[in-house]
Amino acid sequence: MPCSCAESFDPLDPNGNITIKWDVMSWSADGYVALVTMYNYQQYRHIETPGWTLGWTWAKKEVIWGMQGAQATMQGDCSKFKGNIPHCCKRDPTVVDLLPGVPYSMQVANCCRGGVLGSLAQDPTMSVASFQVIVGQAGTSNTTVQLPKNFTIRTPGPGYTCGPAKKVKASLFPSADGRRHTQALMTWNITCSYSQYLAQRAPTCCVSFSSFYNEKIVPCQNCACNCKPNVTQSAQPRVPMCFDPSSITKNQPLHPQLFCSSDMCPIKIHWHVKINYKDYWRAKVTITNRHVKNYTQWNLVVQHPNFNNLTEAFSFTYRPLQAYGSINDTAMFWGIKFYNDMLMQAGEMGNVQSEVLLQKGDAFTFSKGWAFPHRVLFNGDECVLPDPDLYPWLPSASSQLRSGLVLITTLLAFSTAKILALF
């Protein structure tokens with residue numbers, strides 16, 4: 001299926017995609033040996049456990065004689081073969097990564113991570129995955145070999161759409177000392193783009209706001225991710241079941257996957273405008289997990305006009321995302337390794353938090369909700385923001401004046417009473 005640019009384009013990561021490179025490295029008796037490499041060029045979207053699944057459809061009657069670094073999930077019908085039996089005879093094979101710890105004889109470079117694929121900004125060393133495949137009944141020359149088609153990536157659900165395989169300039173492979181390069185016999189590229197709409201119709205996270213200058217706390221929108229099921233809905237499979245955290249006892253197995261809430265979001269992000277200094281201001285960010293699942297290598301992307309003057313993030317790793325040259329209004333945050341890089345499952349330990357310090361610029365103001373983010377994404381998925389009409393606003397000038405007059409009147413009355421008491 002070709003990529004839909006309208007659905008897959010991400011303005012915060014306009015060049016983000018997963019590129020699959022299919023390099024024919026050598027010819028065999030009835031086909032070829034290929035090195036297949038997946039490059040994650042997405043800045044903040046990664047693939048977690050249980051990992052990626054790659055599929056395609058052969059153009060002819062090809063079979064897979066063997067693989068290293070990955071395996072086909074189904075062998076298919078290989079009954080017509082005598083003697084040597086292929087690894088997979090399906091016309092539309094599905095391939096998964098091997099698990100860590102497999103014997104070295106089954107490995108290739110950048111394999112065997114259980115399908116986990118890191119994002120380019122957060123963990124570039126983990127953003128590449130590879131495997132080797134021996135293809136039979138495929139032809140043994142550049143003119144007889146045909147490109148596979150209908151590539152799919154699942155993670156494990158849908159979300160990615162892949163374009164057709166395209167023949168490109170043959171890849172070069174440097175030697176260990178860098179003084180010699182070998183060349184692939186043929187190279188094909190497949191580009192796959194992500195769409196949250198295709199991945200799931202319901203959002204997975206929501207945002208709430210508060211500030212020091214207004215006692216109002218703006219919660220996540222009702223039904224932001226789904227609506228809390230009632231008794232009659234609980235039997236309907238499309239409505240997620242949930243549980244009340246106050247009713248959970250220690251070591252009790254949790255069959256529902258989600259805390260009950262008015263928004264029914266697995267992840268809640270709270271942005272609190274905390275302190276105002278002369279030249280700086282400070283905000284606190286809290287990520288709360290309401291899901292019975294640990295999030296490893298989580299990340300948070302926030303768009304705010306003052307991020308061009310972000311001075312420090314105290315408990316998160318920070319990196320600016322400058323997709324459009326000098327425009328610096330988007331920040332990416334993730335956990336510090338071995339400290340808070342894992343967001344634990346719902347419960348007492350199911351949250352991570354940090355504070356950010358920002359220098360005031362020319363456009364700085366606390367009025368009209370300016371201090372709150374314009375967009376928030378968790379693990380690459382867009383979060384639901386509150387209605388702008390509900391943002392905590394500064395008290396009006398008239399109410400501030402009335403409060404000041406009341407305070408002055410009270411102080412004067414108190415002082416007068418003290419003076420009269422002396423006589």
Side-chain angles (χ1 to χ4, degrees), residues 1-2 18-39 51-99 102-112 115 128-154 160 162-175 180-192:
M1 181 188 295
I18 292 180
T19 296
I20 303 166
K21 190 178 288 290
W22 190 292
D23 290 304
V24 177
M25 305 300 293
S26 61
W27 302 115
S28 62
D30 65 341
Y32 61 87
V33 178
L35 179 65
V36 182
T37 308
M38 299 170 60
Y39 297 92
W52 53 263
T53 300
L54 180 64
W56 63 85
T57 302
W58 292 118
K60 299 189 290 184
K61 296 182 179 180
E62 294 91 336
V63 295
I64 299 176
W65 282 114
M67 299 187 75
Q68 280 187 281
Q71 62 185 0
T73 58
M74 297 291 290
Q75 184 183 33
D77 182 7
C78 298
S79 58
K80 71 176 184 178
F81 290 88
K82 310 297 180 183
N84 292 333
I85 304 299
H87 175 79
C88 177
C89 299
K90 287 182 68 65
R91 190 167 184 269
D92 54 347
T94 299
V95 171
V96 295
D97 195 11
L98 296 181
L99 297 175
V102 298
Y104 287 112
S105 59
M106 300 173 63
Q107 298 184 28
V108 296
N110 299 313
C111 85
C112 313
V128 181
S130 299
F131 62 87
Q132 180 181 283
V133 57
I134 303 172
V135 183
Q137 299 185 171
T140 56
S141 70
N142 291 31
T143 56
T144 56
V145 169
Q146 293 187 25
L147 286 64
K149 55 188 179 181
N150 300 332
F151 277 85
T152 60
I153 296 178
R154 299 180 71 88
Y160 285 90
C162 298
K166 295 181 179 180
K167 189 174 180 180
V168 296
K169 185 178 179 180
S171 300
L172 297 177
F173 299 90
S175 60
R180 170 178 163 79
H181 286 75
T182 55
Q183 181 172 312
L185 303 177
M186 295 177 69
T187 298
W188 307 320
N189 270 10
I190 305 96
T191 302
C192 304

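Every heavy atom of this structure was used, including side-chain atoms; hydrogens, water molecules and symmetry mates were not. Source: prediction; values computed, not measured.
- Note that CG of Asp23 is 10.0 Å distant from CD of Gln183, once rounded to the nearest 0.5 Å.
- Residues passing the side chain to side chain contact (heavy atoms under 4.5 Å, CB included) test with Thr182 are Phe173, Arg180, sequence neighbours excluded.
- The side chain to side chain donor-acceptor pair (under 3.5 Å) check on Asn142 picks up nothing, with sequence neighbours excluded.
- Among all heavy-atom pairs drawn from Asn84 and Pro86, the shortest one is O-CD, 3.9 Å.
- Residue pairs satisfying the side-chain hydrogen bond (donor to acceptor under 3.5 Å, both in side chains) criterion with at least one member in residues 51-65, sequence neighbours excluded, are listed as follows: Asp30-Trp65.
- Nearest heavy atoms, Ala59 versus Gln146: CB-OE1, 3.5 Å.
- With sequence neighbours excluded, the residues forming a side chain to side chain donor-acceptor pair (under 3.5 Å) with Ser130 are Thr37, listed by chain and number.
- Rounding to the nearest 0.5 Å places OG1 of Thr187 at 15.5 Å from NZ of Lys166.
- Tyr39 places none of its side-chain heavy atoms less than 4.5 Å from the side chain of Asn110.
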Next item on the list: Verify side chain to side chain contact (heavy atoms under 4.5 Å, CB included) between Phe151 and Trp22, making sure each step is shown before the conclusion.
Entry: CA-CA 12 Å; Phe151 277 85; Trp22 190 292; 3.9 Å; yes
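- Sorted by first then second residue, the salt bridge (Lys or Arg N to Asp or Glu O under 4.0 Å) pairs that include residues 67-91, not counting sequence neighbours, are Lys90-Asp92.
- Listed for the Ser171 side chain is no donor-acceptor partner under 3.5 Å among the backbone atoms of Ala184.
- Scanning for side chain to side chain contact (heavy atoms under 4.5 Å, CB included) contacts around Gln107 gives Val102, Tyr104, Cys111, Cys112, with sequence neighbours left out.
- Considering only residues two or more places apart in sequence or on other chains, Gln75 meets the side chain to side chain contact (heavy atoms under 4.5 Å, CB included) condition with Cys78, Ile85.
- Qualifying side chain to side chain donor-acceptor pair (under 3.5 Å) partners for Gln71, counting only residues two or more places apart in sequence or in other chains: none.
- Contacts of Ile153 classified as side chain to side chain contact (heavy atoms under 4.5 Å, CB included), with partners at least two apart in sequence or in another chain: Ile18, Ile20, Met38, Leu54, Thr155, Tyr160, Cys162, Cys192.
- Partners of Phe131 by ring pair (Phe, Tyr, Trp, His ring centres under 6.0 Å), not counting sequence neighbours: none found.
- Heavy atoms only, all atoms of each residue included: Leu98 and Ala70 are closest at CG-N, 3.6 Å.
- Taking the side chain as every heavy atom from C-beta outward, Tyr32 and Leu185 never approach each other to under 4.5 Å.
- When the side chain to side chain donor-acceptor pair (under 3.5 Å) test is applied to Asn189, the partners found at least two apart in sequence or on another chain are Lys21.
- Residues Leu172 and His181 share a closest heavy-atom pair of CB-CD2, 4.2 Å.
- Closest non-hydrogen pair, Pro148 versus Trp188, comes out as CD-CZ3, 3.2 Å.
- Here the closest non-hydrogen pair linking Val63 and Phe81 is CG1-CZ, 3.9 Å.
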